[in-house]
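Order of the sequence lines fixes the chain letters, A, B, ..., with proteins taken first and strands second; residue numbering starts at 1 for each chain. None of these values were measured; they are calculated from a predicted model.
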There are 2 protein chains.
Amino acid sequence: MTMQSLRSNKRKPTHPGAILREDILPELGITQTDLADRLKVSRRTISEIIHERRPLTADMAIRLAHFLDTTPESWLNMQQAVDIWELQNGNDKLYKNIKKFVYEAAA
Amino acid sequence: MTMQSLRSNKRKPTHPGAILREDILPELGITQTDLADRLKVSRRTISEIIHERRPLTADMAIRLAHFLDTTPESWLNMQQAVDIWELQNGNDKLYKNIKKFVYEAAA
DNA sequence: TTGTATTGTAACTTATAAAGTTACAAATTA
DNA sequence: TAATTTGTAACTTTATAAGTTACAATACAA
């Protein structure tokens, strides 16, 4: 069956932690430990995000935005895409049962 | 003091529940109870979102997207804006202490 | 090669919050 | 007035972000 509709055909969006891991940290040339200190979070939090085991929360997005002089939105949008993708590719049974609204013919 | 920088000058973004309350429900002409049933969530969940007492989660965004034939992103972006605004206008002390990264002169 | 720094992660605790259920009073509407 | 709808309190359950401590495995630098 060549299904093309389900939006699940797109591959999983990039986790913001991957950007941190592959682009930001190498670029800045600082350790995870240093980043954690500067953002005032635990080393563990950085490690888990970098390995994509945790979502990058709104709080972390703001911290990064301050530190990197970017916007919180740019970070959160990435996470949002991951969140949506994961829910859709896991609860598809459930969501399939939600029927589209149709206007009723007036009696 | 005429401060103009702090991004807190913008007023609080619209909660997605307000759209549901003011636009969607009147437009569709259905009750909260009916919406809850169709989305397969509890009546309470709808009530709390509509009264802006809870965030509209990714899960709810997907349900609404199915029901209304819109995108989850359109709903989640609104919530994201609210989340960021609330954190920034409440933890500003904390975030102020996160210093911008500066490249060190190579030794 | 030895020693220091860095990292990954397990185990545990704490705190927060989304969501459900039940119940009841108030308000709305038919 | 009678039925429907709504707001919300009280409570429980479930999930998870985040911290701390500790230890083993690398990686790296002198």
Q.
Need to verify one output field. Residue with the more 5' nearest nucleotide on DNA chain D, B:Thr33 or B:Arg44?
A. B:Thr33
Q.
Can you measure A:Asp34 atom CG to D:dC28 atom C1' for me and round it to whole angstrom units?
A. 17 Å
Q) Considering only side-chain heavy atoms of A:Arg54, which listed nucleotide, D:dA18, C:dT7, C:dA19, is closest? A) D:dA18
Q: Check every strand shown and say whether B:Ser47 touches a base, only sugar-phosphate, or nothing at a heavy-atom separation below 4.0 Å.
A: base
Q: Check whether any side-chain heavy atom of A:Glu86 sits under 4.5 Å from a side-chain heavy atom of A:Val82, and report yes or no.
A: yes
Q. If you check the B:Thr31 side chain, which of D:dT5, C:dG20, D:dG19 turns out closest?
A. D:dT5
Q.
Can you tell me which nucleotide in C:dG8, D:dG7, D:dA18 comes closest to the side chain of A:His51?
A. C:dG8
Q: Taking only the side-chain heavy atoms of B:Pro55 (C-beta and beyond), determine which of C:dA18, D:dA9, D:dG19 contains the nearest atom.
A: C:dA18
Q) Any side-chain N or O of B:Gln32 less than 4.0 Å from the OP1 or OP2 oxygen of D:dT4? A) no
Q) Hey, does the side-chain of A:Arg43 have a donor or acceptor N/O within less than 3.5 Å of a partner on the base of C:dG8? A) yes
Q) Are B:Ser74 and B:Thr71 side-chain neighbours, meaning at least one heavy-atom pair lies under 4.5 Å? A) yes
Q. Under 4.0 Å between a side-chain N or O of A:Arg53 and OP1 or OP2 of D:dT16?
A. no
